[in-house]
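What follows is a set of notes on a single structure, which appears directly below.
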2 protein chains.
Amino acid sequence: MKDLLAVLKIAVPDKIFIKDPETSDLGKRIIENSIILINEIGFEGFTFKKLGKKIGSNESSIYRYFESKHKLLQYLSSWYWAWLEYQLVIETFSISNSQEKLEKAITVVTRIVKEDSNYSHINETILYKIIVNESSKSFLTKEVDLENKEGYFEVYKRLITRVSEMIEAVNNNYPFPLSLASTILEGGLHQHYLKDHFPSITNCKSEKTPTEFFIQLTNNSLK
Amino acid sequence: MKDLLAVLKIAVPDKIFIKDPETSDLGKRIIENSIILINEIGFEGFTFKKLGKKIGSNESSIYRYFESKHKLLQYLSSWYWAWLEYQLVIETFSISNSQEKLEKAITVVTRIVKEDSNYSHINETILYKIIVNESSKSFLTKEVDLENKEGYFEVYKRLITRVSEMIEAVNNNYPFPLSLASTILEGGLHQHYLKDHFPSITNCKSEKTPTEFFIQLTNNSLK
DNA sequence: ATTTAACGATAGTATTACTATTATATTTGT
DNA sequence: ACAAATATAATAGTAATACTATCGTTAAAT
């Protein structure tokens with residue numbers, strides 16, 4: 001089932017980039033290595049100049065693909081959410097029991113990504129770390145509303161809508177399916193962040209996962 | 001009861017600043033106007049040069065108070081959390097019923113700040129907006145662990161611990177009091193952000209508040 | 001009256017976040 | 001096979017950012 005990705009392409013809204021990085025070797029190297037570099041030095045420290053040096057290419061060449069490093073982060077985020085949506089769909093597809101289906105969905109969106117699927121130049125395990133640490137910055141800007149209108153966040157919104165629909169399938173009288181879905185998604189990332197950096201304000205650790213926490217929270221709210 | 005703040009001072013960890021802005025007129029103008037300016041142009045667009053111009057002072061003078069704009073944001077965040085902790089304490093102090101107390105606590109930490117208490121140069125209503133839009137950036141950096149060791153986030157952690165204790169008072173068998181408390185706090189901010197910028201992925205609007213959502217979520221989880 | 005602290009003004013630096021131009025290499029269409 | 005189009009590299013340049021350092025003036029404290 002996973003091999004579907006050999007035939008499908010993760011679709012990122014095309015207004016995010018100037019030139020589709022999937023269409024050239026340089027483009028792929030930009031994506032592959034930006035993930036590695038952002039993870040190493042953080043988004044604030046990351047520059048196109050440093051990336052150029054890392055991939056033995058020129059700063060100006062990277063600008064042909066992305067207008068700014070902010071757009072590149074949005075590309076990476078969208079790519080990740082699309083990839084996660086794909087995981088969500090294939091892993092829940094065959095489950096007919098709606099309760100079970102929802103639990104699987106929560107598992108998929110709140111778990112750690114620890115294995116790289118190896119189907120492309122993108123290392124999902126490292127990308128996942130970037131999502132935990134940096135993805136909020138892709139929408140917490142003065143340009144959100146404009147960028148939202150341009151469709152930059154479509155993938156993210158569709159993913160949340162999907163989870164929300166699974167919540168409704170379990171209990172269609174529940175008044176906050178969208179809020180619960182968005183809380184599970186962002187909250188999942190946040191709990192993982194706390195586990196790594198602020199262990200004194202979370203109960204999550206390696207054995208007691210955010211997944212457990214959010215499944216319990218959801219089940220109690222829907223019954 | 002609110003007048004306590006005339007006598008008490010909001011305490012921000014002193015490693016965050018070089019010189020305490022509360023100790024001078026210039027310092028107070030820095031704080032007062034940085035809040036206004038960050039709200040206007042966003043944290044990314046904000047610079048000490050622009051702030052200097054706004055307050056009719058010199059860039060280099062601002063550097064005598066804060067090492068960087070990042071530290072200034074951490075100061076504002078800590079100040080806000082301390083102020084919120086104060087609100088939390090006074091508004092829940094006299095409630096003896098633990099269930100009722102917790103609901104009040106959730107109300108305090110997830111509601112909009114729409115009135116400025118006017119006791120100081122700090123406009124809490126505008127500061128609250130900055131917290132919604134920018135506060136995540138104060139800890140989502142490569143320096144978190146170092147800064148955490150230095151005590152920069154003590155106020156934030158104490159606030160969450162307090163809410164967590166109120167959760168435990170209602171049900172001390174609940175396995176995730178800290179995670180629930182941190183989810184309520186960050187989730188509250190996030191739902192307000194969604195309401196303003198991504199209404200299609202939240203059920204919250206002006207009449208149907210994040211407070212309602214989180215109270216329901218909590219009650220269902222603890223019973 | 002003198003030391004000390006605070007502030008403003010000016011200057012300077014390395015880096016960032018780009019844009020523009022040109023030359024060269026590679027791919028593609030005919 | 002050749003011309004045309006496209007992609008990339010190299011270089012240069014710019015305005016702004018994020019600071020640091022120095023110095024003179026003013027105001028406050030001893």
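Lettering follows sequence order; numbering is per chain, from 1.
- Distance A:I62 CD1 to C:dT19 C1': 15 Å, rounded to the nearest Å.
- Following rounding to the nearest Å, B:E22 (CD) and C:dA6 (P) show an atom-to-atom distance of 15 Å.
- Residue B:S68 places none of its side-chain N or O atoms closer than 4.0 Å to OP1 or OP2 of D:dA18.
- The side chain of A:K19 places an N or O atom within less than 4.0 Å of a non-bridging phosphate oxygen (OP1 or OP2) of D:dA7.
- Atom P of nucleotide D:dA7 and atom CD1 of A:I18 are separated by 13 Å, given to the nearest angstrom.
- Per the geometry, CG belonging to A:D25 stands 16 Å off C1' belonging to D:dT6, to the nearest Å.
- Checking C:dA17, D:dT8, D:dA21 against the side-chain heavy atoms of B:S60 singles out D:dA21 as nearest.
- Not one side-chain nitrogen or oxygen of B:Y65 sits closer than 4.0 Å to the OP1 or OP2 atom of C:dA6.
- Residue contacts for A:E67: at a heavy-atom cut-off of 4.0 Å it reaches the sugar-phosphate backbone alone, with no base atom in range.
- Picking from C:dC18, D:dA9, D:dT17 the nucleotide with the shortest atom distance to the side chain of A:E59 gives C:dC18.
- Distance, B:F43 CZ to D:dT17 P: 13 Å, rounded to whole Å.
- Between B:F139 and B:Y156, the ring-plane angle classifies as parallel under the 30° and 60° cut-offs.
- Closest contact between the side chain of B:T47 and the listed nucleotides C:dT22, C:dC18, D:dA18 involves D:dA18.
- In the model, A:K157 has a side-chain atom that pairs as donor or acceptor with a side-chain atom of A:N148 under 3.5 Å.
- Classification of the B:F48-B:Y63 ring pair by plane angle, with boundaries at 30° and 60°, yields perpendicular.
- Minimum atom distance to the side chain of B:Y63 is reached by D:dC19, of the listed D:dA9, D:dC19, C:dA6.
- Remark: A:S24 is in phosphate contact with D:dT8, judged by side-chain N or O atoms under 4.0 Å from OP1 or OP2.
- The side chain of B:S57 contributes an N or O atom lying less than 4.0 Å from OP1 or OP2 of C:dG8.
- Between B:H197 and B:Y193, the angle of the ring planes lies from 30° to 60°, which puts this pair in the tilted group.
- Minimum atom distance to the side chain of B:K69 is reached by D:dA18, of the listed C:dT21, D:dA18, C:dA6.
- In this entry the distance linking CZ of B:F48 with P of D:dT20 reads 11 Å, nearest Å.
- Using the six-membered ring where Trp is involved, B:Y128 and B:Y80 have ring planes that are tilted, between 30° and 60° apart.
- If A:N58 and A:F46 are placed on DNA chain C by their nearest nucleotide, the residue sitting closer to the 5' end is A:F46.
- Whole-Å rounding puts the A:I30 CD1 to D:dA7 C1' distance at 12 Å.
- Aromatic ring orientation, B:F176 versus A:F213: tilted (interplanar angle from 30° to 60°).
- Remark on DNA chain C: of its neighbouring residues A:K50 and B:L26, the 5'-side contact belongs to B:L26, judged by nearest-heavy-atom nucleotide.
- Distance A:K53 NZ to C:dT15 P: 11 Å, rounded to the nearest Å.
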